[in-house]
Amino acid sequence: MTTVSLSELTKLAQEALAAAGANASMATSTANALVFADAHGIATHGVSRVPCYAQHLSSGRADGAAEPRIVREKASAVLVDAGTGLAFPACELAISSAIQKAKQTGICIAGVTNSHHFGVAAYHLEPVAQENLIGLAFSNSPAAIPAWGGKRPLFGTNPIAAAFPRMQSAPVMIDLSLSQVARGKVILAARDNKPIPDGWALDSEGQPTNDAKAALKGSMQAAGGVKGAMLAMMVEVLCVALTGAKFGFEADPIYDEVGNKPMLGQVFILIDPQALAGEQVYFDRFESLILAMLEENGVRLPGARRHDLANTAKDEGVEIPDSLLMEMGYQAAEKV
């Protein structure tokens, strides 16, 4: 492992993505999002994704020349077409547009279609919370979770996130996938030839497995059993039926080098507290809940650990496997 500063890691990720075919804005926005994940202790969604993204750019599973564009909008709604590029520039456009609309009308729903893996869901809500808006984020993903009672992967792990701003403190950030664990953990375990714990996944026959590679050919167990499976279905409908994207079962796995363009969907919902009881009422009521939570020893606010890790990473950098750094460096130099 080598400790790398956030600025150095961002530059390396940018270069690797650009070498694989990403245009300047795509390489920059993607690198920023991936380094954010590493800084917040979410290595499964950090620069470990660069080789996969770069392969998709090189093979045509993602279009590095794509420029996101608004294709439909109303006073409180906007739809952005990612053009089958990497997700991050399109999500940035969706969020910036939604912030403006939510401030005008009190609420906005922003959809992204023809998209790709969008990384850490909460990342997209950071600028929302900075504007004292509440944000909700949803994305579908390639099939990993069966419908309840089945064994065929049908729904994605389908992450959901929420950002709740506070008046004088960091926002409360909630971010989770609807599988028992994020599939990225299984991918890393398979890469490193390590077993996975009980309860994470099923093999292709629908049987529990500790073999990460067998899990990738099978399915993930839904968080909370039937409840998690139903929530995953809700996210599929929101992110696909509303945007025209592909369902999880129509998209080839992200970790496969060869496959179709994922063309996934994302949805963001932004709410201005001022439009309801008022901003001050929101802040006062929310702080009352936080104080009640923190009265009990052992309670930690969602996102607090990640926030502390990010502050440390700003000064000390993050540890990255040497093999990954070499792989990223090779990709960056390959076409120079």
Side-chain angles (χ1 to χ4, degrees), residues 37 42-46 48-49 51-53 55-56 61-62 87 115-121 137-161 174-241 243 245-267:
I42 315 168
T44 56
H45 289 60
S48 64
R49 295 275 177 166
C52 172
Y53 289 178
Q55 178 62 39
H56 283 203
R61 292 198 66 189
S115 190
H116 198 269
H117 181 261
F118 87 150
V120 174
F138 311 87
S139 180
N140 78 320
S141 58
I145 297 174
W148 191 250
K151 63 180 182 181
R152 171 196 174 196
L154 197 63
F155 311 137
T157 56
N158 293 4
I160 60 176
I174 299 169
D175 189 336
L176 64 153
S177 68
L178 296 177
S179 53
Q180 192 66 32
V181 297
R183 201 176 197 190
K185 292 186 177 181
V186 179
I187 295 171
L188 290 184
R191 184 195 69 187
D192 298 336
N193 292 313
K194 293 181 178 180
I196 58 175
D198 293 340
W200 279 20
L202 306 173
D203 63 20
S204 59
E205 299 301 318
Q207 298 301 311
T209 184
N210 301 110
D211 184 330
K213 293 181 179 178
L216 292 177
K217 294 179 181 178
S219 60
M220 300 293 294
Q221 297 210 47
V226 63
K227 295 179 181 179
M230 294 302 98
L231 286 171
M233 178 180 175
M234 289 169 57
V235 174
E236 290 283 348
V237 175
L238 285 173
C239 293
V240 176
T243 70
K246 282 186 178 180
F247 286 110
F249 68 88
E250 297 173 318
D252 292 332
I254 289 291
Y255 55 83
D256 283 0
E257 293 184 1
V258 178
N260 61 10
K261 293 183 177 181
M263 299 174 69
L264 302 172
Q266 285 96 34
V267 163

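- Contacts of Met263 classified as side-chain contact (heavy atoms from CB on, under 4.5 Å), with partners at least two apart in sequence or in another chain: Thr84, Asn114, Lys246, Lys261.
- Between the side chain of Gln180 and the main chain of Met220, no donor-acceptor pair closer than 3.5 Å is present.
- No donor-acceptor distance shorter than 3.5 angstrom exists from the side chain of His56 to the backbone of Gly259, with no hydrogens or angles considered.
- Residue pairs meeting the side chain to side chain donor-acceptor pair (under 3.5 Å) criterion with at least one partner in residues 203-214, sequence neighbours excluded, are Asn193-Lys213, Asp198-Asn210.
- Residues satisfying the side-chain hydrogen bond (donor to acceptor under 3.5 Å, both in side chains) criterion with Thr243, sequence neighbours excluded, are absent altogether.
- For Tyr255, there are no ring pair (Phe, Tyr, Trp, His ring centres under 6.0 Å) partners, not counting sequence neighbours.
- For the pair Asn140 (side chain) and Gly265 (backbone), a donor-acceptor distance under 3.5 Å is present.
- Note: His116 and Tyr53 have perpendicular aromatic rings, judged against thresholds of 30 and 60 degrees for the angle between ring planes.
- In this structure a side-chain-to-backbone donor-acceptor pair under 3.5 Å is present from Asn260 to Asp252.
- Residues satisfying the side-chain contact (heavy atoms from CB on, under 4.5 Å) test with Ser115, not counting sequence neighbours, are Ala82, Ala87, Val112, Gln266.
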Side-chain donor/acceptor pairs under 3.5 Å, residues 143-154, sequence neighbours excluded:
none

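- Environment of CE in Met233: sparse, with no more than 12 heavy atoms of neighbouring residues, nucleotides or ligands closer than 6.0 Å.
- Between the side chain of Ser141 and the backbone N or O of Thr157, at least one donor-acceptor pair lies under 3.5 Å.
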